[in-house]
Amino acid sequence: MSATAAGVLAGLGTTDVPGVLAGAAGAAGQSVDEIVDAIRAGAQWTLMVISAIILVYSVAINTSYLMLIFLATWDAIDSHRRLRFFSQEDTYANPLTPAISVIMAAYNEEAGIAESVRAMMSMRYPTFEVVVVDDGSKDGTFERLRAEHNLVEVPRVIPDDLPMRGKVLSTHVPADGSASLLVVRKTNSGRADANNVGINLARHPLVCIVDADSLLDSSALLQVARPFADDPLNVVATGGVVRIANGCEVVGGRVAKVNMPRSWLVRIQVIEYLRAFLLGRTGWSRLGGLLVISGAFGLFRRDVLIEVGGFDPDTIGEDAEMVARFHRHLREQRRDYRIVFVSEPVSWTEAPSSMAVLARQRRRWSRGLAELLWRHRKMIGNPRYGRIGMLTLPYFVLFELLAPVVNLGGLALVPIALWADAINVEFALALLLASYGYAVLVGFVALAVEEYAFRRYNSWRDLGVAAVASVAENFGYRQFNAWWGLQGIFAALRRTKQVWGVMTREGFSTPGRSTGGNRG
């Protein structure tokens, strides 16, 4: 909800609207001034009603944020205390620790694919494999992998557990057989279909879906798989934290030093990610209503993935849609299950560094949410689906999907309110400052929780920059986000062709060498 819109519209005056309307309409021969007065009075009355609605909306969304912050902070403190009793060595040495197949769908990832695969291959986990699905890349993605791992082509029978749209052209493994790596080349058919191909080829009971431009912490698999070991009968999916790697130093496929990016556009995204993962998803996980597991880092039971039909190639937000389908399928079967967010493991990814690329990403996210909610509209407000139907989905409709509409709609009404002389300026400014202060407070809480639990930023300068970014995002950035969100909603309504667009990347910063060029 826009603080500007809420503050200004909530400052509407208390004009005697019915009296003005009656006086303006009473004379038979109205002058032009009287007609204008009547229109202005009608606008005042209408704006007063709208302002009341906006105030209720603003209070409701802020209250929900406070609840999620409380739950996330509680979870972070609890997790921090449990860490002293958790031994990764026990999980690593346990013969019952489930094996994992890591699926990396890649399209034009030449700039960072070598670092990403190197990081995956050196993960600390007892038994795992890496399946890279090259989804018809037009750059040197496969050539980089072939040179890095000395790949040779081998025949491989591909199971048909999930339907596949693209044609598999070849499968490749390292010539010396020293690494559990499989590289699949196929015709382009989108990330969802590429993930399904990887799941068909996966040999292990757990499937980890990661972006091809992601770098995982060395112990990330051990941490994200822990809920499966703690509750093997009920846990069906887990998600981990996604953080921004722009500006960080990468050595050997690992983030060796965490730095704030140089670009203010990316710095603001760092705050967004902190808030979304550490506060939003942690809070929803505590409530048992987690809806989103990022396609950049999620772990799933392979058998349940196959039960629900795999990722849907016909939706642009296939990661969240998959989680919604998990909830729907398992609720309808009346099975006990848990979908858990784990706040310790981190997947590092490259964030958009230009407004054009960021706009495409946010339009895609908004469209994906709209498609998800329409596709699973049967669940919304339906007690059969428990918390996901009665709490999570209605929340996403009201405060995620409709937020851009209320935000920009409120801003659009401000000129009308000024013309109608319907604004109490002092009250509007006071509420505006309070709204901005609250938004900044949420960002500061995210930073404080992250610093208490994980201490990833080692310099006071970086923390200071992050604090400034928490303030700066309220001036222009949020408004642009709302506009892009509205465009995504309109694209979903028009059912235009789904286009991911070009994601220009620069690769990861490694001391002693350049980060590489752009690619698309």
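For the single chain, residues carry numbers from 1 onward in sequence order. No hydrogens, no waters, no symmetry mates; every other heavy atom, side chains included, goes into these values.
- Counted by atom type alone, E371 and T315 present one or more donor-acceptor pairs between their side chains at under 3.5 Å.
- Across every non-hydrogen atom of F228 and L299, the tightest pair is CE1-CD2, 3.5 Å.
- Under the side chain to side chain donor-acceptor pair (under 3.5 Å) criterion, D231 pairs with N234, R338, not counting sequence neighbours.
- Side chain of N246 to backbone of A351: a donor-acceptor contact under 3.5 angstrom is found.
- Applying the side chain to side chain donor-acceptor pair (under 3.5 Å) test to Q269 and every residue at least two apart in sequence or in another chain returns nothing.
- F399 pairs by the ring pair (Phe, Tyr, Trp, His ring centres under 6.0 Å) definition with Y57, Y395, not counting sequence neighbours.
- A donor and an acceptor atom, one from each side chain of R281 and S294, are nowhere located under 3.5 Å apart.
- Every ring pair (Phe, Tyr, Trp, His ring centres under 6.0 Å) that F300 has, sequence neighbours left out, goes to F326.
- In this structure, a donor-acceptor pair under 3.5 Å is absent between the side chains of Q223 and D217.
- Residues satisfying the side chain to side chain contact (heavy atoms under 4.5 Å, CB included) criterion with F490, sequence neighbours excluded, are L486, L493, R494.
- With rounding to the nearest 0.5 angstrom, the CG atom of D213 is 3.5 Å from the OG1 atom of T349.
- Under the salt bridge (charged side-chain N to carboxylate O under 4.0 Å, His left out) criterion, R275 pairs with E473, sequence neighbours left out.
- Evaluation of the side chain to side chain contact (heavy atoms under 4.5 Å, CB included) rule for A472 yields I268 as partners, not counting sequence neighbours.
- Under the rule for a side chain to side chain donor-acceptor pair (under 3.5 Å), S285 has no partner lying at least two apart in sequence or in another chain.
- For W264, the side chain to side chain contact (heavy atoms under 4.5 Å, CB included) criterion is met by R267, V465, V468, A469, not counting sequence neighbours.
- Side-chain contact between Y337 and H327: present, with at least one pair of heavy atoms (C-beta onward) separated by less than 4.5 Å.
- With sequence neighbours left out, D230 forms a side chain to side chain contact (heavy atoms under 4.5 Å, CB included) with R226.
- Every pair tested for salt bridge (Lys or Arg N to Asp or Glu O under 4.0 Å) that includes a residue from residues 400-413 fails, sequence neighbours excluded, so the list is empty.
- Using a 4.5 Å heavy-atom threshold, the side chains of R243 and C248 count as separate.
- A search for side chain to side chain donor-acceptor pair (under 3.5 Å) contacts involving N259 returns nothing, not counting sequence neighbours.
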